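Structure record follows, encoded as structure tokens.
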Amino acid sequence: MVRGFYLILHREPACLAVSRCQESAGLNVNNCITTFLHVETKYIFVTGGVVSSLGKGIISSSLARLLLSRGYRVTIQKFDPYINIDPGTLNPYEHGECYVTVDGHEADLDLGHYERFTNTQTTRANNVTTGRIYQSVIDKERRGDYLGKTVQIIPHITDEIKRNVKILGNTGKFDFVITEIGGTVGDIESTPYLEAVRQLRWELGRDALCVHLTYVPYLKAAKELKTKPTQHSVKLLQQVGIQPDILVLRTEKDVPAQMRRKVAQFCNVEPDAVIQSLDAPTIYQVPLMMHEQHLDEIVLRKMGVDAEGEPDLSAWNAFLEKLSTATEEVSIGLVGKYVQLQDAYKSINESLSHAATHCDRKLKITYINSEKLTAENAGEYLSGLDGVVIAPGFGQRGIEGKFHAIRWTREHDVPTFGICLGMQCMVIEFARNVLGLEEANSTEMDTKTPHNVIDLMEEQKSISDMGGTMRLGAYDCDLREGSRVAEAYGTRRVSERHRHRFEFNEDYREAFERGGMQCVGTNPGTNLVEVVEIPEKRWFIGTQYHPEYQSTVLHPNPLFISFIKAAVNYRKVRK
Ligand code: GLN
């Protein structure tokens with residue numbers, strides 16, 4: 001059995017060293033002296049019961065935040081029981097936003113929470129699906145790795161799950177690996193994962209721990225909280241051989257201490273290890289709520305690690321303080337087609353919130369369904385907003401509404417931020433209505449357009465598979481000196497994440513620049529246009545990349561900050 005092991009000569013990876021230093025208020029990164037606590041890698045499993053959507057991702061992220069703030073190195077991974085290789089091919093209505101990691105993995109949206117809470121980048125290794133597990137086992141079988149053996153769920157699939165659980169721990173970069181198991185206990189699909197957890201707990205002893213998140217419903221008619229579903233869910237877990245160490249009860253109403261003691265007694269859990277997770281005004285409050293109930297201390301104690309002292313949450317608290325005290329509003333419209341499900345634009349929502357909080361403003365987001373927008377009604381929907389975001393997306397549905405929105409905000413000089421498809425729509429609208437290129441379009445929407453100002457990237461032309469084949473992950477972008485975007489970032493080279501197949505058509509660059517839309521961000525290797533802006537407008541910027549994937553509580557994305565500042569100024573001008 002291989003375990004993470006630390007020597008005194010251990011060096012912390014740069015990203016962590018930086019994030020840790022930046023968390024210590026007022027410290028210059030270069031002068032920062034870091035002290036690291038080293039423990040043998042510990043594995044924390046987070047399972048869920050009763051219903052889905054209880055917030056396992058938020059509990060995992062909150063625990064990670066607390067352990068990080070105590071000086072430990074922590075990563076979180078998500079194991080999803082579905083058969084898709086990754087969520088990249090899922091409709092956002094099915095599974096919310098598809099998040100993208102720096103190394104180009106299309107990932108579950110919980111990885112976005114992990115990064116926003118921990119300020120630490122995740123990679124492909126942080127998100128595994130049943131599809132990936134089976135693919136890997138089947139590849140091994142074809143290679144002959146199991147020659148002579150019958151390949152079975154136990155031990156082959158479970159061993160592959162266990163191997164994946166330990167990949168990050170074995171890098172030596174982390175003291176704690178938190179593994180969130182998707183789905184709920186009792187699902188057929190989750191069974192191999194729970195069996196792997198059972199085996200790992202047996203093998204790792206005190207270095208493994210299980211936190212189980214369940215639901216305590218409040219029955220309005222009876223005016224009562226009910227713990228029976230929790231008891232049943234723990235029984236299910238016990239049936240597969242897992243005794244949870246800690247229970248987190250998600251609830252809308254305070255669960256009295258005596259009721260928590262009853263749960264502890266029925267479920268073989270220590271009374272202080274039954275913690276409640278009340279609905280919070282913001283998800284960023286949850287680490288504090290968990291700390292108040294000593295979740296971090298209980299975890300450390302149970303895993304045989306010194307739990308003395310307090311986590312340094314000063315920077316986190318400073319953010320929460322700003323979030324709760326901001327009274328002046330900034331009102332942003334988000335134009336997209338998935339507006340019925342806000343999880344579809346999770347990272348954009350959070351990035352706007354980080355930036356607004358940074359600027360001491362209370363964020364109000366209005367979701368505008370692009371399918372409903374026409375040239376006639378655009379003003380009705382958009383006037384009164386301080387800034388407008390044109391959302392990313394795919395396909396024809398709702399696209400014309402985005403053009404109407406952009407025309408209106410451009411002509412009325414409202415701060416406008418186009419992201420990926422949003423940027424492409426800004427380009428198309430400008431071509432049609434300013435450059436006079438009628439029927440200009442993206443070949444994604446119209447293969448026969450006479451003006452393919454947005455066109456399929458050359459390297460995409462030979463690709464037929466849909467999964468994992470877009471231009472994905474982080475690429476460098478050079479910013480033009482004097483541009484608003486360079487000013488926003490305060491640097492001339494940035495690296496941001498991507499997820500697209502189409503690009504600005506180089507043949508039209510000159511016409512756009514002459515017409516007033518500047519290509520101010522380009523990829524240094526390929527010259528691909530990454531950022532467009534209209535300098536004469538208040539703030540009119542489109543990015544081919546997705547800056548929302550790199551905004552965290554402790555580091556809001558500079559472009560979102562710049563956009564919010566422009567929106568705040570525009571609000572002042574209007575009033
Ligand atoms: N559909 C566009 C493309 O593939 C934009 C993608 C996006 O918005 N993520 O290029």
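This structure is a prediction, so every number in the text was calculated from the model and none was measured. Just so you know, ligand 1 is whichever comes first in the structure, and atom 1 is the first atom listed for that ligand. In this chain, numbering begins with 1 at the start of the sequence shown. In what follows, every heavy atom counts, from backbone to side chain, and hydrogens, waters and symmetry copies are set aside.
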query = Between Glu371 and Lys337, is there a side-chain N and carboxylate O pair less than 4.0 Å apart?
reply =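 Salt bridge flag = no for Lys337 with Glu371.
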
key: Neighbour list for ligand 1 [protein residues, heavy atom under 4.0 Å]   =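 Residue list for ligand 1: Pro392, Gly393, Phe394, Cys420, Leu421, Gln424, Glu444, Arg499, His500, Arg501, Phe502, His546.
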
task = Verify the ring-centre separation between His498 and Tyr475: is it less than 6.0 angstrom?
result =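 So the answer is yes for these two rings.
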
request  = May I ask you to check whether Tyr99 and His113 place their ring centers less than 6.0 Å from one another?
outcome  = no

ask   = Where do Ser136 and Glu160 land on the side-chain hydrogen bond (donor to acceptor under 3.5 Å, both in side chains) test, with the steps shown first?
value = CA-CA 8 Å; Ser136 165; Glu160 185 60 19; 2.7 Å; yes

task = Under the salt bridge (Lys or Arg N to Asp or Glu O under 4.0 Å) rule, collect the residues that match up with Glu429, sequence neighbours excluded.
result = Arg410

ask   = Under 6.0 Å from the six-membered ring centre of Tyr570 and within 45° of its axis: does the NZ or CZ of Arg574 meet both?
value = yes

